[in-house]
Protein chains: 2
Amino acid sequence: MRFHSPSIQYFHAVRRTGSIRAAARLLNVASSAVSRQILKLEQEVGSPLFERTARGLTLTTVGEMLARHVMNVLQDLDRFRSDVASLSGAWHGTISIACIESLAESVLPDLIAAHRSRARRVSFTTMVMGSSDVLEALRRGEADIGIAMALRHPPDLRQVALKRFRLGALVAREHPLARRKTVTLEQCLAFPVIHALPELSIYHLLQPLIAQLSETPEPAIQANSIDLMRELAARGVGVAFQTQLGIVRLTRDAQLVFLPLDNAGSPVWSDLGIYVRAERTLPAFTESFLQELVRELGERERRENAAYPHIA
Amino acid sequence: MRFHSPSIQYFHAVRRTGSIRAAARLLNVASSAVSRQILKLEQEVGSPLFERTARGLTLTTVGEMLARHVMNVLQDLDRFRSDVASLSGAWHGTISIACIESLAESVLPDLIAAHRSRARRVSFTTMVMGSSDVLEALRRGEADIGIAMALRHPPDLRQVALKRFRLGALVAREHPLARRKTVTLEQCLAFPVIHALPELSIYHLLQPLIAQLSETPEPAIQANSIDLMRELAARGVGVAFQTQLGIVRLTRDAQLVFLPLDNAGSPVWSDLGIYVRAERTLPAFTESFLQELVRELGERERRENAAYPHIA
DNA sequence: ACATGTTGCTGCCGTTTCGGCAACGGCTAT
DNA sequence: ATAGCCGTTGCCGAAACGGCAGCAACATGT
């Protein structure tokens with residue numbers, strides 16, 4: 001079922017590996033064959049596709065254009081294959097998901113487990129990474145579905161849904177703040193705080209608000225792992241900040257308390273976006289899971305915003 | 001610049017012509033070559049792509065799926081080509097437009113003339129047809145942009161814009177109705193009427209309204225050409241119905257009068273949709289023209305609805 | 001400075017694939 | 001029945017492809 005020119009496949013492999021010999025190893029062919037196909041391709045396009053450095057190949061501008069086209073072709077071929085397969089009742093394939101850490105604790109495992117119990121022949125590849133890396137993985141075709149903080153997304157990605165969750169403080173049950181209904185940033189900063197490092201998007205949400213305050217904050221802990229911050233907060237080390245998405249288990253065990261942030265009378269929102277490549281049509285089984293994902297996140301958004309109604 | 005398997009191109013040609021020998025003539029190759037490529041393709045897919053009848057070849061279900069994939073590939077290849085070309089300053093290509101007749105008198109010629117005066121290397125192919133044929137031409141990949149009555153469009157088409165224009169009666173300057181500001185359907189039916197045949201979408205707009213009336217209408221003329229109906233109305237033969245889009249010249253020469261229809265106090269809308277294939281990214285020069293088209297139609301919508309403000 | 005490893009590229013040559021020609025059986029229309 | 005068109009199939013030359021070995025250019029490690 002490989003009815004596309006070898007040039008296409010070879011080019012794709014070379015782009016991913018950044019090397020002709022590595023691509024050749026990946027494809028189980030001689031490097032000379034790969035080299036020739038690339039040269040032929042460049043001749044037909046009429047422009048070099050790679051810049052040859054001593055250590056490998058880098059895409060030129062034209063090369064990036066071709067890479068986009070080739071990705072469109074190969075991903076659409078995948079969809080065609082799965083369409084044909086689902087015609088004969090076989091509903092299988094692999095869904096590749098890139099998401100940020102806050103989904104890893106509850107949302108994604110729950111969803112995947114539920115989906116697998118219904119469609120056992122659909123397998124999953126999940127990759128946890130930073131928000132901008134999520135978008136980059138989508139653009140490179142390494143993931144089918146991406147979930148990230150809703151930054152400004154490039155035009156070649158499509159935002160399927162946008163859900164907003166309230167940012168809140170996370171404290172141990174014994175913490176002095178734990179009995180409040182909501183907290184302000186000032187109140188939190190009176191205690192030791194577990195800050196997010198800039199690689200986490202929570203940093204970029206809170207930094208502008210903290211900068212507005214004149215107070216000098218308490219000496220704080222900094223971390224780059226949502227999970228770690230959560231566990232630190234559970235041990236009473238300090239106040240952490242995140243959405244309620246990733247703390248279902250620990251609040252259920254009553255070790256942690258989630259306190260919605262109150263910023264001068266209004267909530268602090270953390271916008272979560274679901275993304276797919278814009279130029280791509282998803283296979284039916286992927287589209288189906290995507291719908292479930294959107295529905296589930298919408299459900300959680302509704303539940304959480306009902307549990308902590310607006311302050312205003 | 002043809003770096004896709006011959007199988008792809010051959011399959012595409014066979015699908016369009018419905019015959020292997022005709023495709024071979026089109027491609028300037030022997031029919032045996034085409035036949036073999038199709039057989040090879042069917043073997044790789046693992047399922048027949050065509051049903052062989054005595055009169056040629058018809059797509060099977062799997063064949064239609066592959067046709068969709070192949071169209072996506074070839075159209076995206078076109079986009080890639082034009083992207084590369086525009087990189088070296090050459091901004092050229094062909095825009096293929098399928099539209100209904102009402103656009104042919106003024107909107108489209110004006111727009112194309114204006115666009116050509118700026119971008120002389122962009123050429124156009126325009127095809128006038130019925131609304132459902134417009135959608136079908138888009139789906140078959142025979143047109144890049146489609147303008148049609150906004151019916152329910154299939155999911156593989158994307159509605160870029162939706163503009164509504166008021167349906168009105170068209171009468172000669174000397175017609176008894178000509179001095180009114182608006183008319184009702186009853187008032188029109190008191191005179192000879194030029195009816196649209198069912199192949200025109202105006203028929204489907206007016207038919208439900210006429211059916212509600214109890215009166216027996218005057219003996220009428222029926223026609224299937226917007227242009228003919230307009231010219232008949234200008235000669236005082238009867239009352240025609242259309243939007244004001246297609247009658248700019250004749251109203252300018254003051255031969256025709258346009259009277260917005262008043263249906264029990266509310267206007268009668270004719271919804272015009274602009275469509276493109278959903279699974280396709282347009283070349284830059286096509287996208288640019290598309291934007292101008294949307295803008296121009298929006299402008300006309302605004303102007304006309306300002307000239308004939310709502311009745312309610 | 002030198003050796004070593006890696007990079008992409010290029011003749012050479014066997015294998016595979018492709019395309020053109022002619023012919024065959026099946027079908028339709030006259 | 002005859003003529004015409006259809007898709008398919010052997011046969012064969014031509015073109016494309018892939019593997020092997022060797023090349024120069026460059027980076028790295030000693």
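Numbered from 1 within each chain, the chains take letters A, B, ... in sequence-line order.
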So the contacted stretch of DNA chain C, first to last nucleotide with an atom under 4.0 Å from a non-hydrogen atom of chain A, runs from C:dT7 to C:dC12
In the structure I gave you, are the side-chain heavy atoms of A:F11 and A:L59 within less than 4.5 Å of one another anywhere? yes
Just to be sure I understand the rule, does A:T53 reach a base, reach only the sugar-phosphate, or reach nothing, if contact means heavy atoms closer than 4.0 Å? nothing
In Å and rounded to the nearest 0.5 Å, what is the OG to CG distance from A:S102 to A:D227? 11.5 Å
Would one find more than 12 heavy atoms of other residues, nucleotides or ligands at under 6.0 Å from atom CD of A:Q43? no
Would you classify A:F50 as touching base, sugar-phosphate or nothing, given that sugar-phosphate means primed atoms plus P, OP1 and OP2, and contacts are heavy atoms under 4.0 Å? nothing
Would you kindly give the CG-to-C1' distance between A:L57 and D:dC26, to the nearest whole Å? 14 Å
Could you state the CD-P distance from B:E51 to D:dC6, rounded to the nearest angstrom? 19 Å
Of A:A33 and B:Y10, whose nearest nucleotide on DNA chain C comes first from the 5' end? A:A33
If you compare all heavy atoms of A:R140 against all heavy atoms of A:R15, which two are closest, and at what distance to 0.1 Å? O-NH2, 3.5 Å
Taking NZ, NE, NH1 and NH2 as the nitrogens, is one of them in B:R230 or B:E105 under 4.0 Å from a carboxylate oxygen of the other? no
Give one of base, sugar-phosphate or nothing for A:I38, where a contact means two heavy atoms less than 4.0 Å apart. nothing
Could you check whether A:R36 gets within reach of a base, just the sugar-phosphate, or nothing at all, counting any heavy atom under 4.0 Å? base
In whole Å, I'd like the distance from the CG atom of A:L39 to the C1' atom of D:dG18. 15 Å
Between NZ of B:K40 and P of D:dT9 the distance, given in whole Å, is 16 Å
If you check the A:Q37 side chain, which of D:dT9, D:dG19, D:dC17 turns out closest? D:dC17
So what does A:R52 touch, heavy atoms closer than 4.0 Å: a base, only the sugar-phosphate, or nothing? sugar-phosphate
Could you tell me if the side chain of A:I97 sits less than 4.5 Å from the side chain of A:F289, heavy atoms only? yes
Both A:R21 and B:G18 contact DNA chain D. Which one's nearest nucleotide lies toward the 5' end? B:G18
Ignoring hydrogens and angles, answer whether the base of D:dC20 and the side-chain atoms of A:S32 contain a donor-acceptor pair closer than 3.5 Å. yes
Between NE2 on residue A:H115 and CG on residue A:L108, distance to nearest 0.5 Å: 12.0 Å
